[in-house]
Amino acid sequence: MTNVVALHGDKRWKAVLEYQHENGPISIEHFLEEISELHLIMEHGPDWNMLIRCTVTLNRPDGGEDQNSVEKAWQSERGSG
């Protein structure tokens, strides 16, 4: 798709893994092309028993505004918006 803008190279997804650590929680960011890569990251990362949370988002610097505006413009041109 030409209307998807990525923040970190060609990677479509951003995963933030938060782990419990002796000095308090730590967060580690990972950038993925495919969601299926996440399980390997979790297996190789810090002890997964210490995982607090994993947040996966689309990797866009604009929060989706650019993609949404392109979609809205396309719908307006087609007469459906």
Side-chain angles (χ1 to χ4, degrees):
M1 281 198 288
T2 59
N3 60 339
V4 175
V5 180
L7 175 66
H8 192 268
D10 296 335
K11 306 299 182 179
R12 293 188 294 168
W13 301 99
K14 175 182 171 183
V16 179
L17 284 75
E18 186 176 344
Y19 295 91
Q20 185 60 42
H21 188 268
E22 60 189 32
N23 297 327
I26 59 169
S27 295
I28 304 172
E29 288 185 348
H30 298 277
F31 296 91
L32 318 162
E33 179 58 25
E34 300 294 337
I35 292 287
S36 60
E37 299 169 32
L38 186 56
H39 82 281
L40 293 174
I41 289 170
M42 293 176 81
E43 289 289 333
H44 291 107
D47 183 357
W48 56 269
N49 288 307
M50 303 307 285
L51 184 66
I52 298 169
R53 80 179 48 91
C54 174
T55 305
V56 179
T57 57
L58 283 170
N59 184 28
R60 292 193 294 243
D62 63 356
E65 291 300 317
D66 185 45
Q67 186 169 353
N68 290 339
S69 64
V70 170
E71 179 68 21
K72 288 175 187 173
W74 182 79
Q75 288 178 357
S76 293
E77 289 174 9
R78 311 274 295 157
S80 61

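All values derive from a computational prediction rather than experimental measurement.
Cluster annotation: I52 is not connected to V16 through the hydrophobic network of ILVMFWY side chains, with a link wherever side-chain heavy atoms come within less than 4.5 Å.
Residues forming a side-chain hydrogen bond (donor to acceptor under 3.5 Å, both in side chains) with E33 (at least two apart in sequence, or on another chain): R12. In this view, E29 and K14 satisfy the salt bridge (charged side-chain N to carboxylate O under 4.0 Å, His left out) rule, not counting sequence neighbours. Checked against side-chain hydrogen bond (donor to acceptor under 3.5 Å, both in side chains), Q20 has no partners two or more places apart in sequence or in another chain. Applying the side-chain contact (heavy atoms from CB on, under 4.5 Å) criterion to E22, with sequence neighbours excluded, gives no partner residue. For L38, the side-chain contact (heavy atoms from CB on, under 4.5 Å) criterion is met by A15, L17, L32, M42, C54, V56, not counting sequence neighbours.
The heavy-atom pair separating W48 from Y19 by the smallest distance is CA-CE2, 4.5 Å.
A distance of 9.5 Å separates CG in L51 from CG in N49, rounded to the nearest 0.5 Å.
You'll find the side chain of T57 stays beyond 4.5 Å of the side chain of W13, heavy atoms only.
The salt bridge (Lys or Arg N to Asp or Glu O under 4.0 Å) analysis of residues 38-48, with sequence neighbours excluded, yields no pairs.
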